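Okay, structure first, notes after.
Residue numbering restarts at 1 for every chain, and letters A, B, ... go by the order of the sequence lines. This is a predicted model, so every value here is computed, not measured.
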There are 2 protein chains.
Amino acid sequence: MDIGTFSALAEPNRLRIVELLAHGPLTVGEIAERLNLRQPQASKHLRVLLDARLVTVHADANRRNYALQMEPLQEMDAWLNNYRRMWNERFDNLDQYLQELQSKPEQ
Amino acid sequence: MDIGTFSALAEPNRLRIVELLAHGPLTVGEIAERLNLRQPQASKHLRVLLDARLVTVHADANRRNYALQMEPLQEMDAWLNNYRRMWNERFDNLDQYLQELQSKPEQ
DNA sequence: GAGGAATATTCTTGTCAAGGAATATTTAAA
DNA sequence: TTTAAATATTCCTTGACAAGAATATTCCTC
């Protein structure tokens, strides 16, 4: 698991940027406006997200379109696989417990 | 999505602690030993993980057993749900494209 | 080509987090 | 009851990072 992904997302504005871009690419100005950020801060946060490969840029003349990149999130997903097993186990245990309750409901 | 989870995991030693605890609870000393940390640093990192609710402690006389807590990871998992749709879409598109290639292989 | 829009970068400053060293606290053992 | 083990906490210093302000860069339009 690349820690850079966590670092990048561990900042409120950057997490909001990612969530914004989930609905489609946006320019710096649009992002700054919707998140009430000043343009330089938006650019700087996007730079961090870019370095973490969470977004890509496409220059369109004056504008720059930033788009979400899925790979780091897929890596997070894969990392979580190691733990899904566990909370499923726990759920299974609860499930098993409830079924045992079912089979002997009185006392 | 609680940003505290990302912050807590955005530190190499803490991520390794979490991965260690995936195999079962450990004491501070065991964690410090396996990760080549000094005891105070181990305690401090565990404190951060505790505040982020990523671990729980159980005092056993002198020792303290730290155990992994799944809830924050489940929350991450739920957050990722918003994005899984997208990378599946992309995969579907690729799949569709490949199938189109299949159906007209020669030009 | 001058001016303005969109964006990136630099510099500075304040805040926060991490490691090291030392110390406090609790508990077991002798 | 003194001693040692296991752990937590404090203080200090240092480095990273975020916001603000200013400035540079690129491109479009007139």
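- Side chains of A:Thr56 and A:Tyr66 form no contact here, defined as non-hydrogen atoms less than 4.5 Å apart.
- Residues B:Leu9 and B:Arg14 form no side-chain contact, since every pair of their non-hydrogen atoms from C-beta on lies 4.5 Å or further apart.
- Sorted by first then second residue, the ring-ring contact (aromatic ring centres under 6.0 Å, His included) pairs that include residues 36-60 of chain A, not counting sequence neighbours, number zero.
- Applying the side-chain hydrogen bond (donor to acceptor under 3.5 Å, both in side chains) test to A:Arg16 and every residue at least two apart in sequence or in another chain returns nothing.
- Taking every nucleotide of DNA chain C with any atom under 4.0 Å from a non-hydrogen atom of chain A, the first and last of them, 5' to 3', are C:dA5 to C:dT10.
- Between B:Leu54 and B:Gln69, every side-chain heavy-atom pair lies at or beyond the 4.5 Å cut-off.
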So A:Glu71 and A:Arg53, side chain to side chain contact (heavy atoms under 4.5 Å, CB included) or not? Walk me through it. CA-CA 8 Å; A:Glu71 282 77 1; A:Arg53 303 175 195 284; over 6 Å; no
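- Scanning residues 54-67 of chain B for heavy-atom distances under 4.0 Å to DNA chain D yields B:Asn62, B:Arg63, B:Arg64, B:Tyr66.
- For B:Ser7, the side-chain contact (heavy atoms from CB on, under 4.5 Å) partners two or more places apart in sequence, or in a different chain, are A:Ala10, B:Ile3.
- Partners of A:Phe6 according to the ring pair (Phe, Tyr, Trp, His ring centres under 6.0 Å) rule, which considers only residues two or more places apart in sequence or in another chain, are A:Trp79, B:Phe6.
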Sugar-phosphate atoms are those with a prime plus P, OP1 and OP2; base atoms are the rest. Using that split, label each nucleotide of nucleotides 9-20 of chain D B, S or - for protein heavy atoms under 4.0 Å, 5' to 3'. BB-------SBB
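- Residues A:Asn65 and A:Leu26 have side chains not in contact (no heavy-atom distance under 4.5 Å, counting atoms from C-beta outward).
- Taking five base pairs at each end of the helix from C:dG1-D:dC30 to C:dA30-D:dT1 and finding the rotation axis that steps the C1' atoms of four pairs onto the next four gives two axes whose angle is 10°, to the nearest 10°.
- Within residues 19-29 of chain A, the residues that place at least one heavy atom under 4.0 Å from DNA chain C are, in residue-number order, A:Thr27, A:Val28, A:Gly29.
- Here the side chains of A:Met1 and A:Met76 are in contact, with some heavy-atom distance below 4.5 Å.
- In this structure B:Glu33 satisfies the side-chain hydrogen bond (donor to acceptor under 3.5 Å, both in side chains) test with no other residue, sequence neighbours excluded.
- Residues passing the salt bridge (charged side-chain N to carboxylate O under 4.0 Å, His left out) test with B:Arg47 are B:Asp51, sequence neighbours excluded.
- Remark: A:Asn81 pairs with A:Arg84 by the side-chain hydrogen bond (donor to acceptor under 3.5 Å, both in side chains) rule, at least two apart or across chains.
- In this structure, the side chains of A:Asn88 and A:Arg85 stay at 4.5 Å or more apart for every pair of heavy atoms.
- Inter-residue side-chain proximity for A:Asn13 and A:Gln41 is flagged as unmet; no heavy-atom pair is nearer than 4.5 Å.
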